[in-house]
Asker: 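Here you go, one structure.
Everything numeric in this text was worked out from a predicted model, so none of it was measured. Numbers restart at 1 for each chain; the letters A, B, ... are given by sequence-line order, proteins then strands.
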Amino acid sequence: MEPSSLSGLPAGVGEALEAEGVAELYPPQEAAVDAGVVDGESLVAAVPTASGKTLIAELAMLSSIERGGKALYIVPLRALASEKKAEFERWEEFGVTVGVSTGNYDSDGEWLASRDIIVATSEKVDSLIRNGAPWIDDLTCVVSDEVHLVDDSHRGPTLEVTLAKLRKVNPGLQTVALSATVGNADVIANWLDAELVESDWRPIELRTGVHFGNAINFDDGSQREVPVERGEDQTARLVADALDTEEDGQGGSSLVFVNSRRNAESSARKLGEVTAPRLTGDERDRLRELAEEIRGVSDTDTSEDLADAVEQGSAFHHAGLASEHRSLIEDAFRDRLIKCVSATPTLAAGVNTPARRVIVRDWRRYDGEFGGMKPLDVLEVHQMCGRAGRPGLDPYGEAVLLANDADTREELFDRYVWAEAEPVRSKLAAEPALRTHVLATVASGFAATREGLLSFLDNTLYATQTDDEGRLAAVTDTVLDYLEVNGFVDRDREGGSESLAATGIGHTVSRLYLDPMSAAEILDGLRTVADGADAGADAADGAFVPADGADADPGADGDEPGFTTYTRADDEERDAGAESNEATQSEPPAVTPLGLYHLVSRTPDTYELYLKSGDREEYTEVCYERETEFLGDVPSEYEDVRFEDWLAALKTARLLEDWANEVDEDRIAERYGVGPGDIRGKVDTAEWLLRAAETLARDVEGIDGDVVVQVREARKRLEYGVREELLDLAGVRNVGRKRARRLYEAGIESRADLREADKAVVLGALRGRERTAERILENAGREDPSLDGVDPDRSASAAATAGADADGDGDGQASLGDFG
DNA sequence: CCGTGTGGGATTTAGACAGCATGTC
DNA sequence: CTAAATCCCACACGG
């Protein structure tokens with residue numbers, strides 16, 4: 001079937017596809033057309049990665065738009081949103097407009113409403129529905145990329161509920177779901193009332209095999225000799241082999257999957273010895289430039305190590321990298337400049353980064369709950385393998401699993417090569433998931449009664465999959481109790497039915513996209529400040545918290561009945577013993593940034609930092625030293641199982657405090673054992689939660705107005721990464737934490753000072769960077785920012801960084817360090 | 001005395017979505 | 001209940 005023979009697409013699209021080189025649709029694409037994708041039929045396409053799924057989605061969206069409609073493309077990752085947007089923008093010449101909406105990159109609502117295609121993450125779509133984005137009603141086509149992620153216990157329920165809502169709002173909606181090949185695609189199709197197209201077909205041949213001893217044995221029966229000498233590294237040998245095998249005049253790049261960040265880094269270092277000797281002089285030069293760029297992103301050890309590896313033509317990739325690092329690596333790998341990337345699963349499901357050869361070095365990963373090394377899911381390994389073979393560059397792709405002995409080789413064949421991916425199972429019937437979605441469903445008007453709620457939930461994948469009819473209702477009731485007790489939902493039981501309505505705060509929480517448990521924790525903490533001596537009694541009015549840590553169970557996968565007991569906060573207090581609570585009961589604690597950072601860090605919306613050995617001791621000490629700063633009760637060190645989590649949150653809070661005290665990034669990375677990406681991530685999350693806290697504090701009665709100001713300041717200090725006295729300066733564009741501190745040390749303490757100050761001093765403080773200084777003066781609103789003929793005042797830069805590296809101990813003074 | 005090598009026990013362990021506007025004369 | 005690479009430190013060795 002030729003693209004130009006398709007009817008229903010905007011004029012010229014078929015021809016344009018042919019011009020792109022799509023002379024003939026791929027078999028799965030043709031099957032999708034036969035199933036009616038261009039005629040508005042719903043469809044589930046369960047086909048391998050890189051087999052033309054995106055074109056199926058494009059055919060659906062473009063034909064829908066041609067009929068006067070509007071399409072939404074849902075992605076699982078922010079990075080994919082921009083990738084897809086760029087891809088879809090090639091249709092703009094046919095009059096099709098594209099917009100994106102994600103947490104970081106948001107276009108204004110009205111502008112979005114005018115776009116034909118909107119690309120967004122599932123959470124963002126959920127949020128847009130909660131906030132009543134008007135264009136949701138206009139959608140005629142929704143595409144869900146990587147739907148098999150409904151299986152994810154944390155984010156799957158959001159996708160599931162969001163699709164159910166979209167379909168409810170718009171009954172005629174064409175739903176196109178793109179899935180990896182999974183065991184039960186038919187169940188998904190059944191749920192979405194869609195046709196099913198299932199295929200193993202790939203445009204580029206993929207051979208999957210296992211290497212052991214001197215050869216790779218492939219699934220097609222073929223064998224490739226790759227002898228490994230004694231003492232030689234298996235992975236290195238395979239990477240070298242791919243590089244030395246020229247196809248199209250070029251050696252093949254490799255992607256190595258490993259099971260930890262540290263392994264990724266050490267693997268990249270070792271493989272540099274393989275790639276470096278195979279680089280051309282030109283490549284070496286370009287890699288050196290790239291390495292410099294990487295060093296410029298961040299001055300942490302991680303960044304330095306990455307740059308060192310990259311100079312050798314090898315790189316690592318994991319979530320500890322800053323996002324700029326990640327895209328630099330991804331781009332250079334796609335450009336074949338970097339020959340080999342050692343990665344954690346970040347690259348398996350992320351943006352498109354194919355390689356000739358994929359090496360799955362580690363097929364087991366540590367899992368605390370499992371109690372040891374757990375074999376990866378078949379689906380995950382298949383996704384990794386699917387990265388093998390670059391369309392248009394490689395004639396074939398090779399995926400190789402590594403075995404140390406013959407038994408393992410057989411096991412790997414059985415477990416992964418011959419195996420079908422696991423069936424997808426909904427994780428909706430777990431408390432944390434339902435807590436959020438029940439509130440949102442009620443708040444945004446999808447249900448006004450308990451029965452209505454249950455009947456709405458009947459449209460989810462969970463409902464079509466479960467054999468236990470009562471379970472969803474049981475968890476829903478538990479969650480409703482929780483929401484009612486915390487004042488988010490009003491229930492009215494009359495006769496046989498029960499009406500539900502979100503309270504004012506309930507609406508706010510839903511719109512802020514907070515986990516209701518986070519909101520409860522935050523409100524509880526803020527109220528402690530409001531009424532001082534009455535704090536305990538006040539908390540008892542509204543704040544109930546699960547006592548058994550039910551939420552700390554990420555494995556709640558819908559199999560075990562949820563088990564939660566609710567305890568009044570003041571009972572907790574009594575149980576916990578008096579020693580840690582005396583201070584909070586007798587007088588209102590002064591609100592400090594640390595207190596607020598801890599408050600948001602212990603919320604289920606913040607991912608916990610790992611407590612290393614020695615951390616327990618260290619943070620227990622901090623806990624006592626700074627006892628008065630915590631908002632709410634401190635769990636007892638000896639009697640409360642939550643103490644461990646509390647300490648982990650304290651570690652996060654200290655990281656945030658350091659950031660807000662201008663501690664250098666590399667120092668923080670070292671002190672907390674994290675990468676630059678982790679720091680940015682923590683700061684971002686905390687900023688988001690503090691903003692939400694600010695809104696909550698304003699909306700709720702009984703919270704002191706002064707608290708709102710404190711929350712805002714703590715948040716702004718995180719946003720800019722500066723101490724209080726630099727807030728004004730750091731608000732000027734092009735002035736970050738470093739420049740603000742230098743200006744301040746030079747005597748320029750505010751935006752107003754910038755407008756008045758001696759230009760020579762400004763220039764000196766900015767180390768003689770004329771262009772930068774001019775831009776900054778302009779942004780500060782100076783009338784005549786020109787620095788022509790101004791000589792930098794050298795003495796102004798001498799004081800730079802004094803006090804900038806001080807350890808934060810929360811009293812606003814530089815201290816002598818943390819070794820005392 | 002000190003740098004270097006060795007061995008065994010201790011330590012550590014993947015990923016990543018959301019909102020939203022502030023200060024001034 | 002399950003692993004394995006790496007780190008850390010003590011200790012031995014040789015110059």
Asker: Check whether any side-chain nitrogen or oxygen of A:R78 sits under 4.0 Å from OP1 or OP2 of B:dA18, and answer yes or no.
Answerer: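 Answer is yes, contact under 4.0 Å.
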Asker: Among the candidates B:dT12, B:dA14, B:dC17, find the nucleotide nearest to the side-chain atoms of A:R155.
Answerer: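 Selected nucleotide (nearest to the side chain): B:dC17.
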Asker: Would you please say whether a donor-acceptor pair under 3.5 Å links the side chains of A:D126 and A:Y513?
Answerer: yes
Asker: Could you tell me how far apart A:L729 (CG) and B:dG23 (C1') are, to the nearest whole angstrom?
Answerer: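 The distance from CG of A:L729 to C1' of B:dG23 comes to 15 Å, rounded to the nearest Å.
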Asker: Measure from CZ on A:F257 to P on C:dA5 and round the result to the nearest Å.
Answerer: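 Spelled out: CZ on A:F257 to P on C:dA5 is 19 Å.
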Asker: Select one nucleotide: of C:dA5, B:dA18, C:dA3, the one nearest the side-chain heavy atoms of A:Y366.
Answerer: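 Nearest listed nucleotide: C:dA3.
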Asker: Starting from P on B:dC17, measure out to CG on A:L514 and report it in whole angstrom.
Answerer: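 Computing the A:L514:CG to B:dC17:P distance gives 17 Å.
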Asker: How do A:K716 and A:E123 order along DNA chain B: which one's closest nucleotide is nearer the 5' end?
Answerer: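 Nearest-nucleotide comparison on DNA chain B picks A:E123.
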Asker: What nucleotide, of B:dA14, B:dG19, C:dA3, holds the atom closest to the side chain of A:S127?
Answerer: B:dG19
Asker: Verify, without hydrogens or angle tests, whether A:Q234 (side chain) and A:A403 (backbone) share a donor-acceptor contact under 3.5 angstrom.
Answerer: yes
Asker: Scan A:T102 against the nucleic acid and name what it touches under 4.0 Å (heavy atoms): base, sugar-phosphate only, or nothing.
Answerer: sugar-phosphate
Asker: OP1 or OP2 of C:dA4 versus the side-chain N and O atoms of A:R364: is any pair under 4.0 Å?
Answerer: yes
Asker: Once you round it to whole Å, what is the distance between P of B:dA14 and CZ of A:R361?
Answerer: 13 Å
Asker: Can you tell me how far C1' of B:dA21 sits from CD of A:E694, to the nearest Å?
Answerer: 9 Å
Asker: Less than 5.5 Å between centroids and less than 30° between ring planes, does A:Y513 satisfy that with B:dG19?
Answerer: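 Stack criterion not met.
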Asker: Nearest of B:dA18, B:dG15, B:dG19 to any side-chain atom of A:R691?
Answerer: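 Given the options B:dA18, B:dG15, B:dG19, the side chain of A:R691 is closest to B:dG19.
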Asker: Tell me, which of residues 316-328 of chain A have any heavy atom that sits under 4.0 Å from an atom in DNA chain C?
Answerer: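 Correct list: empty, so none.
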Asker: In whole angstrom, give the distance that lies between atom CZ of A:R365 and atom P of C:dA4.
Answerer: 16 Å
Asker: Using only side-chain N and O atoms of A:T121, determine if any of them is under 4.0 Å from OP1 or OP2 of B:dA18.
Answerer: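 So the side-chain polar atoms of A:T121 do come within 4.0 Å of the phosphate oxygens OP1 or OP2 of B:dA18, strictly under.
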Asker: Can you tell me which nucleotide in B:dA16, B:dC17, B:dA14 comes closest to the side chain of A:T346?
Answerer: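 Comparing B:dA16, B:dC17, B:dA14 against the side chain of A:T346, the answer is B:dA16.
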Asker: To the nearest angstrom, how far is A:D301 atom CG from C:dT6 atom C1'?
Answerer: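 Going from A:D301 (CG) to C:dT6 (C1'), I get 16 Å.
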Asker: Counting heavy atoms from C-beta on, name the nucleotide in B:dT12, C:dT2, B:dA14 closest to the side chain of A:S613.
Answerer: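 The answer is B:dT12, which lies nearest to the side chain.
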Asker: Ignoring backbone atoms, establish whether A:S266 has a side-chain N or O less than 4.0 Å from OP1 or OP2 of C:dT6.
Answerer: yes
Asker: Looking only at atom P, what distance separates B:dG15 and C:dT2, rounded to whole Å?
Answerer: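 Result for the P pair: 24 Å, nearest Å.
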Asker: Side-chain contact test, heavy atoms from C-beta onward, threshold under 4.5 Å: evaluate it for A:R326 versus A:H317 and give yes or no.
Answerer: yes
Asker: Does A:V732 offer a backbone N or O that forms a donor-acceptor pair with the side chain of A:N779 under 3.5 Å?
Answerer: no
Asker: When both hydrogen-bonding distances must be under 3.5 Å and the geometry is Watson-Crick or G-U wobble, what is B:dA10 paired with, if anything?
Answerer: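 Partner of B:dA10: C:dT6.
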Asker: Do NZ/NE/NH1/NH2 and the carboxylate oxygens of A:R654 and A:D615 come within less than 4.0 Å?
Answerer: no
Asker: Starting from the 5' end of DNA chain B, give me the residue, A:P76 or A:R698, whose nearest nucleotide shows up first.
Answerer: A:P76
Asker: Roughly how far apart, to the nearest Å, are B:dA14 and C:dA5 at atom P?
Answerer: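 So the two P atoms sit 15 Å from each other.
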Asker: Base, sugar-phosphate, or nothing for A:G103, non-hydrogen atoms under 4.0 angstrom?
Answerer: base
Asker: Describe the nucleic acid contact of A:T158 in one word from base, sugar-phosphate, nothing, applying a heavy-atom distance below 4.0 Å.
Answerer: nothing
Asker: Would you say B:dG19 has OP1 or OP2 under 4.0 Å from some side-chain N or O of A:K124?
Answerer: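 Yes, A:K124 has a side-chain N/O under 4.0 Å of OP1/OP2 on B:dG19.
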Asker: Side chain of A:P345: nearest nucleotide among C:dA5, B:dG15, B:dC17?
Answerer: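 The answer is B:dG15, which lies nearest to the side chain.
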Asker: Any Lys/Arg nitrogen of A:K427 or A:D152 sitting under 4.0 Å from an Asp/Glu carboxylate oxygen of the other?
Answerer: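 Salt bridge absent between A:K427 and A:D152.
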Asker: For C:dC1, give its Watson-Crick or G-U wobble partner with both distances under 3.5 Å, or none.
Answerer: none
Asker: Given atom NZ of A:K612 and atom C1' of B:dT13, what is their separation to the nearest angstrom?
Answerer: 11 Å
Asker: For C:dC13, give its Watson-Crick or G-U wobble partner with both distances under 3.5 Å, or none.
Answerer: B:dG3
Asker: Going by the rule ring pair (Phe, Tyr, Trp, His ring centres under 6.0 Å), which residues pair with A:H318 if we only count those two or more places apart in sequence or in a different chain?
Answerer: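 With neighbours one apart ignored, the set is A:F316.
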Asker: Does A:T408 reach the side chain of A:L402, with side-chain heavy atoms less than 4.5 Å apart?
Answerer: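 They are not in side-chain contact.
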Asker: Is the side chain of A:E160 donor-acceptor paired with the backbone N or O of A:S426 at a distance under 3.5 Å, no angle test?
Answerer: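 The answer is no, because no donor-acceptor pair under 3.5 Å joins these two groups.
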Asker: Decide, yes or no, whether a salt bridge links A:R715 with A:E719 under the criterion of side-chain N to carboxylate O below 4.0 Å.
Answerer: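 Salt bridge between A:R715 and A:E719, a charged N being under 4.0 Å from a carboxylate O: yes.
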Asker: Contact class for A:D684 (heavy atom, under 4.0 Å): base, sugar-phosphate, or nothing?
Answerer: nothing
